[in-house]
Amino acid sequence: MLTLTCPYCGIAAEETELQPGGEAHLKRFGPGSSDADFEAYLFARKNPKGVHFERWRHAYGCGKWFLAARDTATLQVFGTYAAQTPHPTPEIVAAIRAARPDWQPDWATTNATSAESPKA
Amino acid sequence: MSDNGPFRLSAGGRLIDRAYQLPFRFDGRHLRGVQGDTLASALLANGQLMMGRSFKYHRPRGPMSSGAEEPNALLGLGQGGRFEPNQRATTTPLVGGMVTTSQNAWPSLDWDIGAINNLMYRFLPAGFYYKTFIHPRPAWKHLFEPIIRRSAGLGKAPTDADPDKYEQAYGFADVVIVGGGIAGLEAAKQAAAEGKSVAVLEQTAQFGGRTPTDHADGQARIDALVAELSNLPNVQLRRNTMATGLYDHGYLLAREALADHDPNAGIPRQRLWRIRAGQVITATGALERPLAFAGNDVPGVILASAVRDFINDYAVAPGRRIVVVTNNDDAYRTALTALDAGLQVPAILDARPNATGPLAEEARKRGIRVLTNSAIAGVKGHKAVEGVKVCDQTGSGTVREVIDADCVAMSGGWSPVVHLWSHCGGKLKWDDAKAMFEPDPNRPPTGADGKGMVLATGAAAGDLQVAALTGAVDEQPILPVWIMPAQATRKMRFKMWLDFQNDVKVSDVQLAAQEGYQSVEHTKRYTTLGMATDQGKVSNINGLAILSGALNQPIPATGTTTFRPPYTPLTLGAIAAEARGDVFQPLRKTAIHNWHEANGVAWEPVGLWRRPYCYPKAGESHSDAVAREIRAVRSGVGMLDASTLGKIIVKGPDAGKFLDMMYTNMMSTLPVGKCRYGLICNENGFLTDDGVAARLDEDTWLLHTTSGGADRIHGHFEDWLQCEWWDWKVYTANVTEQWAQIAVVGPKARDLMERLGGMDLSPEALPFMGWVEGDLGGIPVRIYRISFSGELSFEIAVPANRGLELWDKLQAAGRDLGVTAYGTEAMHVMRAEKGFIMIGDETDGTVIPQDLGLGWAISKKKTDYIGKRAQERSHMTSPDRWKLVGLESVDGRMIPDGAYVPAEGHNANGQRNTQGRVTSTYISPTLSKPIAMGLVWKGPDRMGEVIEFTNPGGEPVKARIVDPVFYDKEGTRSNG
């Protein structure tokens, strides 16, 4: 029963108010993408013991999706932030570094580009 | 005094009031206790030492403890719907008129036929299930399993519904202190002084823990603390409140007993607190451990602290001649207490080589024989202690002397109660000198801020004496004793109990180690050590110490089993609380709900909605009613309450572009005033919802979803809008409940609609797949000409508060037309007659639109939509996919629901291969024959072929593959 603070309405929300949405910062691969890229986008999810970025929706509150950075083992929450960010914000990175000096961001390699809008 | 029972002492009894006598029954016998008794103390006072039988060997069992850890004295309590099995006699307060029964004994507690297992102990060792019942194979099903099932489980489940009420409440506090002993109360005082909001949860009816019993001025200290805390506005004190589990981020569950076993109190029986704690302080104390000596399970062998409690708290003598056996100083307090109460203590057997502490000196001064390096080699007696055989602790059990006794007070040391600390990840450390696991303050469970969220204090932290608060005297160190005597023979080890309820002995754990079990978790499951209703509170440490010895490794290398909530059993009633019966779930009602109810509806639950399934008339079966409703629609006019359909508004300059991504077909090109059927897939390509979209104006669409899909699809839209295309200018709103929706369906539908007047509903003014707004009979409506039945059909959306009014007007106006209300089943059958798919019937999360012949609803022009890329994967485009076809029974029998079409050969698991399955199957009243749809391998290429469907218990059903549209293939009827 986690509590996460919704960055939109500022409420410290009980887990029962929230809908989980899996890994954050995925880059969508659509038509024209390679089988390998599409497979990775659709199925290959990180499941780390430690620092993790997740999507949550304040479903029984303001209805907004937001992102959370937390440690899956100790349940420490480093922060919550807006869903409209291609990567964790500098504040979140700093909060993680303060608690986990050895932690290294991995989006330079796996999330090379920001989440772009496909041109419909 | 005999009124209070033969074993009631003439004076004392901290918790009882002798003036109030309480009658109760035990196994049919009428007995009396007094106000303040527990069931255990009342039974002991009456000389009823034996209170149950153990699970495996049916050995006689008396109480071993005086608290929540009790493994033996478990009773069936109450009658009828209030019957509860496995209630601990040691914690159940006596209430006048209580009816109690012993368990696991037949025909009687005193003479139990199951005790024959006791003579077979050599053939029922650890893991005997796994070894014995293997061959012959059929014997398992027909012989072994039925016998094991009959003997499995302790206590009986009640058969009637529980008539009591339970409730739940939310609580919040900066600091929650679990345990109202001296350490907990002092911690509360300190936290309160810091200005924090504080809650103290005490599991028993009294604050104080062991302090009032074990220290001369203990009661006065506790009384003063409670008085001080009671006056503080920021402190809540709750007695009878058991903290059962600690979860993530300080979420604590606690059960408060409000009117346990007192059905006439007129208040809820229990309250389950759901507390969010800023910090938790565990002041949960410690539990005394038994000693493993031969015969340690005979009734009358009791933990030393419990003997002290029975004497001090209830003025009950567990025996008149009490031998104390110990490896530590604390048990000497029991000897002194017994002397004070006028009981005999013929000897204290101390396993240590010498006993020189102040408590031992005082015992000697009072004339008690203190025998060091001494142990019990065996206990005389079967249903009660008659004496103990004394030997050297360092030897192999040569008997030095036999001492007559009727009670043994044993103490193997103490284990801090670390359950809550451990529930959420707190780690333990082993302290060699104190011979105990205690919370490691450097590795606490962590909260949201990454800091420790639990602090242990007092005995729960390993400070057993809490000397700073109690002023306890110095104690000589404990000597760890896991087997008594140290060189005990094999025969003796067969009689040394570790788990008293499940009958796990030293010999069983040693056997498990010999057979290769090394993990304590595996050994637990193999031997059932610690798996009884007490969850190993008194047995686990002794068990893992024996395992460590057998594996020749230190105790911390073995470690403990996992501590899991609840600390003591929770009733299902408290977990469910008010969520039962009518308020189990919220109920969603349409605006027309009451009309359905007044007109004989048979309800069908659809999500949280109730929808009419059909409206059976007197004497009609459901299938009769469905057939009548369908014939009425097809030949005249029917009305369906379609209000539960999801209705979502999507609006904004980019709404068209957005909907083109959400739907497989093109929504941006839909003209204002028109409707279009659309499909929604997930990113895996699978079809998840369908419905009709209507364009309301240049930048506004109204989307219909399935009844169960409205919230899910609205969430799906929001997910993509907020997280992927957040720069698109689109708003969504779920307006499902703002509108009632009524379908008027059948060849006479237009006739009926026109009778209400006010709108031109001619085919020219409102063509098929168009919509218009206006006033129908004076009520503002939007009418869609869409059809799910194949008939001429108008779906009227009306503001919800006028839905019933419109429904009534239509019913009144159509009486002479025979207007008939129809339900979901008629709707389902009619759509199947037309070959229309139903989400959840034709789809199951693995089906793509292309499987269902819906290629026409998939845009070829669009470069992208959710699911498009997935539908290009090789498996999705394979010619081997199962595809939708109609199925016509060859001999007029209906294809059974869920039937499969077998194929040649077997798969890798040895199961028969399959080549298709039925997805919808009905008897069509319109066509007077069975109709069905199904997904069949290469189905559309096999038109006319006859295939066989499985039919459990009967001959396979043969069916011909046909077009899925059974009725009105030309589609002319929807034009009226």
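Labels below follow one simple rule: chain letters A, B, ... track the order of the sequence lines, proteins then strands, and each chain is numbered from 1. Computation of the quantities below employed the complete heavy-atom set of this structure, encompassing side-chain atoms and omitting hydrogens, waters and symmetry-equivalent molecules. Keep in mind it's a predicted model, so treat the numbers as computed, not measured.
Along residues 4-13 of chain A, no residue comes nearer than 4.5 angstrom to chain B, judged on non-hydrogen atoms.
Residue with the most contacts toward chain B among A/Phe78, A/Phe43, A/Phe66: A/Phe43 (heavy-atom pairs, distance under 4.5 Å). Chosen from A/Arg57, A/Gln19, A/Glu14, the residue pairing most often with chain B at heavy-atom distances under 4.5 Å is A/Glu14. With chain B as the partner, the residue from A/Asp71, A/Leu42, A/Leu67 showing the most heavy-atom pairs under 4.5 Å is A/Leu42. Ranking B/Lys451, B/Glu718, B/Glu872 against chain A, the residue ahead of the rest is B/Glu718, based on heavy-atom pairs under 4.5 Å.
Looking at residues two or more places apart in sequence or on another chain, you find a side chain to side chain donor-acceptor pair (under 3.5 Å) between B/Asn734 and B/Asp711, B/Thr736.
Side-chain contact, B/Arg869 with A/Ser33: a donor N or O sits under 3.5 Å from an acceptor N or O.
The aromatic rings of A/His87 and A/His25 sit tilted, their planes meeting at an angle between 30° and 60°. B/Phe658 and B/Trp725 have perpendicular rings, their planes meeting at more than 60° on a 0 to 90° scale where under 30° would count as parallel.
For a residue to count as touching a neighbouring chain, one of its non-hydrogen atoms must lie under 4.5 Å from one of that chain's; by this rule A/Arg70 does not touch chain B.
Between B/Lys729 and B/Asp654, none of the side-chain N atoms (NZ, or NE/NH1/NH2) sits under 4.0 Å from a carboxylate O, so this pair counts as no salt bridge.
To the nearest 0.5 Å, atoms CE (B/Met242) and CG (B/Leu201) are separated by 11.0 Å.
Nearest approach of B/Val280 to B/Val178, heavy atoms of both residues: CG1-CG2, 4.2 Å. The two residues B/Arg873 and A/Phe38 make their nearest non-hydrogen contact at CD-CE2, 3.8 Å.
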